[in-house]
Structures are given as structure tokens and as C-alpha cells.
Q: 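First, the structure itself, so that you have it in front of you.
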Amino acid sequence: MKAAVFFAPNDIRVEDVDKPIAGKDEVLLRVKSVAVCNATDMHFLKGEIPGVVYPLPPGKPGHECCGEVMEVGQNVESLKPGDKVVPGPLYALPCGKCFYCKKGMQELCENPGVADFAYAQFLKVPARFCYPLPKNVSYDEGALIDLLACALHGIYRADVSVGDSVAIIGQGPAGLLLTQLARFAGAESIITCDVVDSRLEKSSKMGSDATVNSAKEDPVKHVLELTDGKGVDVSIDAVGKSVVVRQAVEMVKPRGRTVIFGFHLKPGEIDLSRVFDRELEIRASFRTVGEEDYRKSARLISKGKIDAKSLITHVLPLEEIRRGLGMIEKGLENVIKVVLKP
Ligand SMILES: [Zn+2]
Ligand SMILES: [Zn+2]
């Protein structure tokens, strides 16, 4: 089968590799669509994740995918060939037995397993980590369910309630989903920030009440102006840069909450005196809890509550993965989500 191999940072090629064989509790999936992750996959592309040894196993780090069941292992009764499913989270299959799994905090599992990854024509995955793709959801939209599941977890961590004011910095794919979810969760006003105007336009269409181009204006000053100097109830970093967390902390009102959703690899600095004398709360949202987040995300797309389709700006064959990664890396104006077809 064909699979993309990350031989080294910036050296990615599509190769012929062995097709996986499903074990007795696993299924073999034909990957129909796999989206490029604008966070994790960029770090793998640039070789920024400490301790990672290249070449990566074939298909890694592709994880935002969906596909069709081709074969099922002898113990599998819940699925049959032809079923359309979303598997995940491929990067950390919760063990189900540790302290955190038992508490329903599977994203913090102490002994996560890994499945095959999805920049490939086929992958094998335990059947219990496959969730049904609703009939009216396309494979390309289905490839965004993993990201929506992460964003859903982010909104739960943010505890947005009816009437809250929310500021979201970063309107890439995750930020745009967070904006839609914040609206859906009952936010009264949403202010979104990004450095790309076309993303801010999309953000307005997806529920943002006011937008700020952080490259042209100071986002903190602007958010304070829009809230009569008070700040917002909740601010979310959907970028993953230290400076953004600092801004998020500075735009929140006393007793407000800042959620770190962006992917951080390095220590950063925030104004602790501000956190202290305003009794601010800082939380993080690290990937998805799994099952319930996936099922709910699939329903939200199926029922038209969340628009995943409009985020997909490019669909390319797997062979063009390097080009797809490059488009996101360069931060091209018209690129939001790139979906690959293996
Ligand atoms: Zn991802
Ligand atoms: Zn566990």
C-alpha cells in the first residue's frame, strides 16, 4: 500500500509499504480522507518535538481521518466490512484501566497505546476506538471530527455558559471550531483575533461578533475597549505561543478564566502578579477525552450545528502531502484545512 513516510524533518515521501494485518480485536480500515493537523503535524514537519526519532513509522503523524471497514478481527462483533467510521485518538488510545481513565479523564491516560497512523491507504485499529460516521457526513468532513472532538473538550474546559463574553486568539481550523462551539454553548459576545484577514472574515460568518487583526492592532487594547475596560469572562489561546497566552491573561476580567488550547512545546512567561491580584484561573485543554467527544462531534456535524465543510479549503491526493504541509507551514492567506486522499 501507499503511505507517507517522514524520513527526517522536511523530508517526506510517499512509499510502498506492507499493508497492516488486523489482529483479533482490530479492524482494517481503508483510509478515505485524512486531514493535515495544523498543529502537531507542523511540529513533526519541522522536527520540533523533543525525543522524536526519524524516520517515523509509515503513516505517522496523520491522525485526523475517517474510512471504511475492510476486514474485522475474529473477536469483533460491533463492526462489519463496509461500515464508515472515524477512529481515534490514534496518537493515544486510552488504556481504560488507569486512575485517570477510570475518572473519565482519558486524555490524561497514564498508559496510552498507539494505533497505526493515517497518512496511508490502510490502517489497523482496535474496533472499540472506531465511531460511526453518520450517513449524511462526507468522508472529508469526517476527517475533521478528531479536531472537533479536541475543540469540544476545549469548550468544556473553558466552561462557557449562557451570557459569557469570550475572546479567542487564533482563528485557524481549531479556533474557528472553538468560535462555533462558544456560540453554541451560549456565549453572548465573541471577539476573535488572528493575523490573517480572510480567517477573520470566516470567523464573523461562524459566530464572532467582533474581530481584531493582531498584526495591525493590539488585541488586548481592542478587547478592553470592546468590553468597557472590563475584559472578557473567558479567553482562549488557540495559537500555542507564549505571547498569546500573555495576551489572553491580560484581556480577561477579574476572576475570569484563560484556557490554553494551543500546542505548547516550550516554557513561557505570564504576568503572575496580574493572575494573583485578579484571582484569575488558568486551565489547559490537552487533546480529547475520546469516545463521547467523537460521538458528539459526529452528531453536531450531522445535524448541521457545526460547519466543518467550510473549513476545508484544499483536497489533494496523498502524493501531494509535502505540498499540503507546505501550504499550512507558509500560512498562506486562503489555506485553512487541507484534506488528503490516500
Ligand atoms: Zn490534530
Ligand atoms: Zn488509562
Side-chain angles (χ1 to χ4, degrees), residues 4 6 31 33-46 48-49 52 56 59-67 86-120 123 125-126 128-129 131 140-155 157 170-178 181 237-240 260-265 284-294 297-298 301 306 308 311-314 321 324-325 327-329 335-340:
F6 282 49
V31 180
S33 298
V34 50
V36 175
C37 178
N38 300 43
T40 319
D41 297 2
M42 286 300 110
H43 293 306
F44 277 108
L45 172 70
K46 297 180 202 163
E48 291 172 336
I49 302 181
V52 170
L56 304 181
K60 191 173 179 178
H63 57 276
E64 302 181 359
C65 75
C66 63
V86 181
L90 296 178
Y91 39 84
L93 303 174
C95 76
K97 293 174 190 151
C98 73
F99 173 83
Y100 293 99
C101 280
K102 283 185 178 156
K103 294 255 177 205
M105 296 182 269
Q106 290 90 329
E107 78 280 14
L108 301 174
C109 176
E110 292 173 317
N111 308 300
V114 280
D116 285 352
F117 284 86
Y119 286 141
L123 67 83
V125 59
R128 67 190 177 98
F129 295 110
Y131 307 106
D140 291 353
E141 291 170 286
L144 269 70
I145 287 176
D146 176 85
L147 182 63
L148 181 56
C150 292
L152 194 56
H153 184 60
I155 284 296
R157 294 290 292 152
Q171 290 295 286
L176 288 166
L177 290 172
L178 286 164
L181 288 169
D237 149 40
V239 175
I260 300 171
F261 181 89
F263 192 126
H264 288 264
L265 286 161
S285 176
F286 175 57
R287 55 204 188 199
T288 162
V289 166
E291 178 163 1
E292 267 318 301
D293 289 347
Y294 281 90
S297 296
I301 295 175
I306 295 292
L311 302 185
I312 302 169
T313 51
H314 296 78
I321 181 171
L325 290 161
M327 292 193 303
I328 294 170
E329 187 187 12
V335 179
I336 296 180
K337 202 70 180 162
V338 177
V339 170
L340 302 172

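Residues: numbered from 1 along the sequence shown. Note that ligands are numbered from 1 as they come in the structure, with each ligand's atoms numbered from 1 the same way. If you're wondering where the values come from, they're calculated on a predicted model, not measured in any experiment.
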Q: Is the backbone of Val36 close enough, under 3.5 Å, to the side chain of Lys337 for a donor and an acceptor to pair up by distance?
A: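 It does hold such a pair.
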Q: Can you confirm whether Leu56 sits close enough to Tyr119 that some side-chain heavy atom of one is under 4.5 Å from a side-chain heavy atom of the other?
A: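 In short, these two side chains do not touch, never coming nearer than 4.5 Å.
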Q: Measure from the side-chain N and O atoms of Asn38 to the backbone N and O of Ile336, and report whether any donor-acceptor pair falls under 3.5 Å.
A: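 Checked: pair present.
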Q: Among Leu177, Thr288, Leu311, which one satisfies side-chain contact (heavy atoms from CB on, under 4.5 Å) with Leu147?
A: Leu177
Q: Side chains of Leu123 and Leu90, heavy atoms from C-beta outward: is any pair under 4.5 Å?
A: yes
Q: Nearest 10°: the angle subtended at the Zn ion (ligand 1) by Cys37 SG and Glu64 OE2?
A: 90°
Q: Is the Zn ion (ligand 1) under 2.8 Å from any N, O or S atom of Cys150?
A: no
Q: Answer yes or no: is there a donor N or O on one side and an acceptor on the other, between the side chain of Ser33 and the main chain of Cys66, under 3.5 Å?
A: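 Side chain of Ser33 to backbone of Cys66: no pair is present.
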Q: Using 2.8 Å as the cut-off, note every protein N, O or S atom close to the Zn ion (ligand 2).
A: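 Those protein N, O or S atoms (cut-off: under 2.8 Å from the Zn ion (ligand 2)) are Cys95 SG, Cys98 SG, Cys101 SG, Cys109 SG.
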Q: Fit a plane to each ring of His63 and Tyr91, take the angle between them on a 0 to 90° scale, and name the class: parallel (under 30°), tilted (30 to 60°) or perpendicular (over 60°).
A: perpendicular
